[in-house]
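Here is the structure we will look at, set down as structure tokens.
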Amino acid sequence: MRFVGAIHESPHTPFLTFPPFRVMFHIAAGQFRAVWFGKGRMMKQTLVGFLIVFLAAVLVTFLASAAFAGTPTGNSPLDALMVPPDWRTIAPNGSLWFYFDYWMDTSGPGFGRGFGASPSSGRSAKINIAVDANHYEAIQFEIYTPALAQDWLRDPTTSPIGRGTTYRDTLTGFIVRDLYWSGAFNTAGRYFVRVVNHAPVELPFRLTVTGDTITLYPTPTVTPTPTIPFAVTRVPTDTLQGKIVFQQATGGVIYTVNGDGSNLNIIAAGLDPAWSPDGKQIAFARWDTVYPGLYTANADGSNMRLIYGAPRVRSPRWSPDGKFIAFTQEKSGASGQSLWKLGVVELPRVKPGTTEIEPAKLTEPQCSRLCFTPSWNADGKLLAYTDPGEGIMATSVISGSASFILAPSGTYFDTGANMPRPILHLPPLQSSLWSPDGARIAYAEKSHDRWELHTINADGTNATGITSPNPILYTFFHVVVNNVAPVWSPDSKQILFLSDRTGKWEFFVANTDGSNIRQVLKNITDLISLRFDFENERMMDWAK
């Protein structure tokens, strides 16, 4: 059918042009109708099918626009681009931010992954960054650690940790790479390269980042394996009372969020965040920065202060009265071996009757060789900590040697020697944490091929399992699930933890007897990919 003739367009009636005809839509009595104009006559017909196609097209266009609206622009670390696979251009007098994820090399000899090893136990693998720019000197690049990138957001004059320089062949003197940087970092996390064009014209460049322990593109969501041939009841989702502070990875971005998943905010970059007792401040550690050490900040990230400067500080934890912060610090032993020892800092305060601020005072409680994840008892006089080679121990903040809370005990039968022998070592332990009421201690324990959560009374009695494998899935399909990083609720009645039961690290909560396990903050882990390295990370903390 051929349609001809003029269309009289009402100023109140929208129209679409679809060759070889035009269609005008009217809305009458709640029904869409189309008016077709042909050879001197008007034909009316309900076009429900056509309307569905039209609305679908509009919806697709809208969704595509929304998707492109969220495309990174490279204007800042919060909007950084992936490292491009080929040449691209940069605007006149402009800059572009790119990111890459850097992880510690845990494959070297003697690395005790899962045995209380710290990030320093892994090797700092070297990476190489280069920019080719057809010898245009106006192109430069800078390297920012997660901490420095966070500082740059507050102060764009923040200096980078490194800059690219011309790389020449030592024999010929020829320029091999226009700009080049090679080095390693102390902590894992998301690092940034900022490429700058100082010329008044657009210029081309090519950025390359190489290394054995880097990821240039987002890691695809892992599908749990093996595939289960029948439906499995999912863990229910829920919300929490209070607020959570958590880190994306060791040395990565630190966030706060309400327990119902609302009000997500970036606070800083660092390690092992912890709430103050009143929920108004956050303590954390920083390594890759000009001033490494123990930091505090307000709950909104403002008023960041260096409390105690040291190159290797981890696991800060506030005392119940909020006047002290305990932590662990790497030191060198007499034979050059790495030690992790406890420290307690009394926070700076104003001298009575003056305006003078007293500096932080350091106390070093006695502890064993490897003293990880300290936490306070309810009265603030004792610290519990995890020694991966010994067990869970407690020590006085003021004086006195450490004593066992959980230690090897009992015997096993040696079939080779046909005799009983004493148990000298516990399975690997991590992340012990005293409950706010002081009654129990939660911890993670390696159980054959997986990590499970347990609690024990403060006097070392009544060890209780909190998580356990699904007997059918584990026995017949070998579905291995890890449960790690336990954190007590402020009222000591629940335990928040990480689990990879969905195929990636996400938040879950359970009652202290292990009942009523449910997933929480799913909207957050759908947005932010968490990384846990089984290195005694304090991934999160829970406040009222």
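Everything numeric here is computed off the predicted structure, so don't read it as measured data. Residues take their numbers from the sequence shown, with the count starting at 1.
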**Prompt:** What pairs meet the salt bridge (Lys or Arg N to Asp or Glu O under 4.0 Å) rule with one or both residues in residues 506-520, with sequence neighbours excluded?
**Reply:** Asp238-Arg518
**Message:** Could you work out, with side chain to side chain contact (heavy atoms under 4.5 Å, CB included) as the rule, every residue matching Thr239, not counting sequence neighbours?
**Reply:** Asp260
**Fill in**
Rounded to the nearest 0.5 Å, the OG atom of Ser468 sits from the NE2 atom of His454 at a distance of 9.5 Å
**Leu498 vs Met540 side-chain heavy atoms within contact, under 4.5 Å** = yes
**Asked** If we ignore angles and hydrogens, is there a donor and acceptor under 3.5 Å between the side chains of Glu330 and Ser338?
**Response** yes
**Asked** Does the side chain of Trp542 come within less than 4.5 Å of Val509's, by heavy atoms?
**Response** yes
**Item:** Heavy-atom pair with the smallest gap, counting every atom of Leu294 and Ile325
**Value:** CD2-CG2, 3.9 Å
**Asked** Is it the case that more than 12 heavy atoms not belonging to Asn511 sit under 6.0 Å from its CG atom?
**Response** yes
**Request:** Tell me, please, which residues at least two apart from Leu339 pass side chain to side chain contact (heavy atoms under 4.5 Å, CB included).
**Result:** Gln337, Lys341, Arg369
**Request:** Give the C-alpha distance, both sets of side-chain angles, the deciding distance and a yes or no for ring-ring contact (aromatic ring centres under 6.0 Å, His included) between Trp318 and Phe324.
**Result:** CA-CA 6 Å; Trp318 298 76; Phe324 301 85; over 10 Å; no
**Prompt:** Knowing that exactly one of Tyr144, Trp103, Phe185 qualifies, which makes a ring pair (Phe, Tyr, Trp, His ring centres under 6.0 Å) with Tyr191?
**Reply:** Phe185
**Asked** So, does Asn536 use its side chain to make a donor-acceptor pair with the main chain of Ser431 at under 3.5 Å?
**Response** yes
**Request:** Check for a donor-acceptor pair, side chain of Asp500 on one end and backbone N or O of Val481 on the other, with a separation under 3.5 Å.
**Result:** no
**Message:** Parallel, tilted or perpendicular, judged at 30° and 60°: which one describes the rings of Phe534 and Trp505?
**Reply:** perpendicular
**Request:** Taking the side chain as every heavy atom from C-beta outward, state whether Val313 and Tyr308 have any atom pair closer than 4.5 Å.
**Result:** yes
**Message:** To the nearest 0.5 Å, what is the distance between CD1 on Ile214 and NZ on Lys126?
**Reply:** 14.0 Å
**Prompt:** With no hydrogens and no angle check, is any side-chain donor or acceptor of Thr158 less than 3.5 Å from a backbone partner on Asp155?
**Reply:** yes
**Prompt:** Is there a side-chain contact between Val480 and His478 (heavy atoms, below 4.5 Å)?
**Reply:** yes
**Prompt:** Roughly how far, to the nearest 0.5 Å, is the OG atom of Ser375 from the CD1 atom of Ile441?
**Reply:** 6.0 Å
**Request:** Over all heavy atoms of both residues, which pair between Lys446 and His448 is shortest? Give the atoms and the distance, please.
**Result:** CE-O, 3.4 Å
**Request:** Return yes if a side-chain donor-acceptor contact under 3.5 Å exists between Thr373 and Thr386, otherwise no.
**Result:** yes
**Message:** Looking at every non-hydrogen atom in both residues, tell me the closest pair between Ala125 and Thr213 and how far apart they are.
**Reply:** CB-OG1, 3.4 Å
**Item:** Donor-acceptor contact below 3.5 Å, side chain Trp287 vs main chain Arg312
**Value:** no
**Asked** Can the positive tip of Arg501 be found less than 6.0 Å from the middle of the six-membered ring of Phe508, inside 45° of the ring normal?
**Response** yes
**Short side-chain to backbone donor-acceptor contact, Asn377 and Lys381, under 3.5 Å** = yes
**Asked** Does any non-hydrogen side-chain atom of Leu153 lie less than 4.5 Å from one of Asp151?
**Response** no
**Distance, nearest 0.5 Å, that separates CD of Glu535 from OG1 of Thr187** = 11.0 Å
**Asked** Quick check: does any side chain N or O of Ser489 sit under 3.5 Å from a backbone N or O of Gln494, one acting as donor and the other as acceptor?
**Response** yes
**Request:** Determine yes or no for a side-chain-to-main-chain donor-acceptor pair under 3.5 angstrom, with Ser435 supplying the side chain and Arg440 the backbone.
**Result:** yes
**Message:** Would you say that Leu383 contacts Val397 through its side chain, given a criterion of any heavy-atom pair below 4.5 Å between the two side chains?
**Reply:** yes
**Request:** Identify the two heavy atoms, one from Gln519 and one from Phe507, that lie closest to each other, and give their separation to 0.1 Å.
**Result:** CG-O, 3.4 Å
**Complete:** Note: Gly261 and Asn523 closest approach over all heavy atoms is O-ND2, 3.0 Å
**Prompt:** Is any side-chain heavy atom of Ile282 closer than 4.5 Å to a side-chain heavy atom of Thr296?
**Reply:** no
**Item:** All side-chain hydrogen bond (donor to acceptor under 3.5 Å, both in side chains) counterparts of Ser302, not counting sequence neighbours
**Value:** Asn298, Asp300
**Asked** Is any side-chain N of the basic residue among Lys522 and Asp526 closer than 4.0 Å to the acidic one's carboxylate O?
**Response** yes
**Asked** Between Glu537 and Gln247, does a side chain to side chain contact (heavy atoms under 4.5 Å, CB included) hold up when you go through it step by step?
**Response** CA-CA 9 Å; Glu537 299 103 308; Gln247 64 182 17; 3.9 Å; yes
**Message:** Just verifying a value: how many Å separate Tyr255 OH and Leu521 CG, rounded to the nearest 0.5 Å?
**Reply:** 13.5 Å
**Request:** Please tell me if the side chains of Pro469 and Glu452 come closer than 4.5 Å, counting only heavy atoms from C-beta onward.
**Result:** yes
What side-chain donor-acceptor pairs closer than 3.5 Å can you find for residues 263-278, not counting sequence neighbours?
{"unit_1": "Asn263", "atom_1": "OD1", "unit_2": "Asn265", "atom_2": "ND2", "d": "3.1"}
{"unit_1": "Asn265", "atom_1": "ND2", "unit_2": "Asn263", "atom_2": "O", "d": "3.3"}
{"unit_1": "Asp272", "atom_1": "OD1", "unit_2": "Arg314", "atom_2": "NH2", "d": "3.1"}
{"unit_1": "Asp272", "atom_1": "OD1", "unit_2": "Arg538", "atom_2": "N", "d": "3.1"}
{"unit_1": "Asp272", "atom_1": "OD2", "unit_2": "Arg314", "atom_2": "NE", "d": "3.0"}
{"unit_1": "Asp272", "atom_1": "OD2", "unit_2": "Arg314", "atom_2": "NH2", "d": "3.2"}
{"unit_1": "Asp272", "atom_1": "OD2", "unit_2": "Ser315", "atom_2": "N", "d": "3.0"}
{"unit_1": "Trp275", "atom_1": "NE1", "unit_2": "Asp541", "atom_2": "O", "d": "3.4"}
{"unit_1": "Ser276", "atom_1": "OG", "unit_2": "Asp278", "atom_2": "OD1", "d": "2.6"}
{"unit_1": "Ser276", "atom_1": "OG", "unit_2": "Lys280", "atom_2": "N", "d": "3.3"}
{"unit_1": "Ser276", "atom_1": "OG", "unit_2": "Gln281", "atom_2": "N", "d": "3.0"}
{"unit_1": "Ser276", "atom_1": "OG", "unit_2": "Gln281", "atom_2": "O", "d": "3.3"}
{"unit_1": "Asp278", "atom_1": "OD1", "unit_2": "Lys280", "atom_2": "N", "d": "3.0"}

**Fill in**
Interatomic distance, OG@Ser76 vs CZ@Arg194, rounded to 0.5 Å, equals 10.5 Å
**Message:** I need the minimum non-hydrogen distance between Ile517 and Pro236, along with the two atoms involved.
**Reply:** O-CD, 3.8 Å
**Item:** Arg450 charged N/C atom sitting above Tyr474 aromatic ring, 6.0 Å / 45°
**Value:** yes
What side-chain donor-acceptor pairs closer than 3.5 Å can you find for residues 361-368, not counting sequence neighbours?
{"unit_1": "Glu364", "atom_1": "OE2", "unit_2": "Lys331", "atom_2": "NZ", "d": "2.2"}
{"unit_1": "Ser368", "atom_1": "OG", "unit_2": "Tyr385", "atom_2": "OH", "d": "3.1"}
{"unit_1": "Ser368", "atom_1": "OG", "unit_2": "Asp387", "atom_2": "OD2", "d": "2.5"}

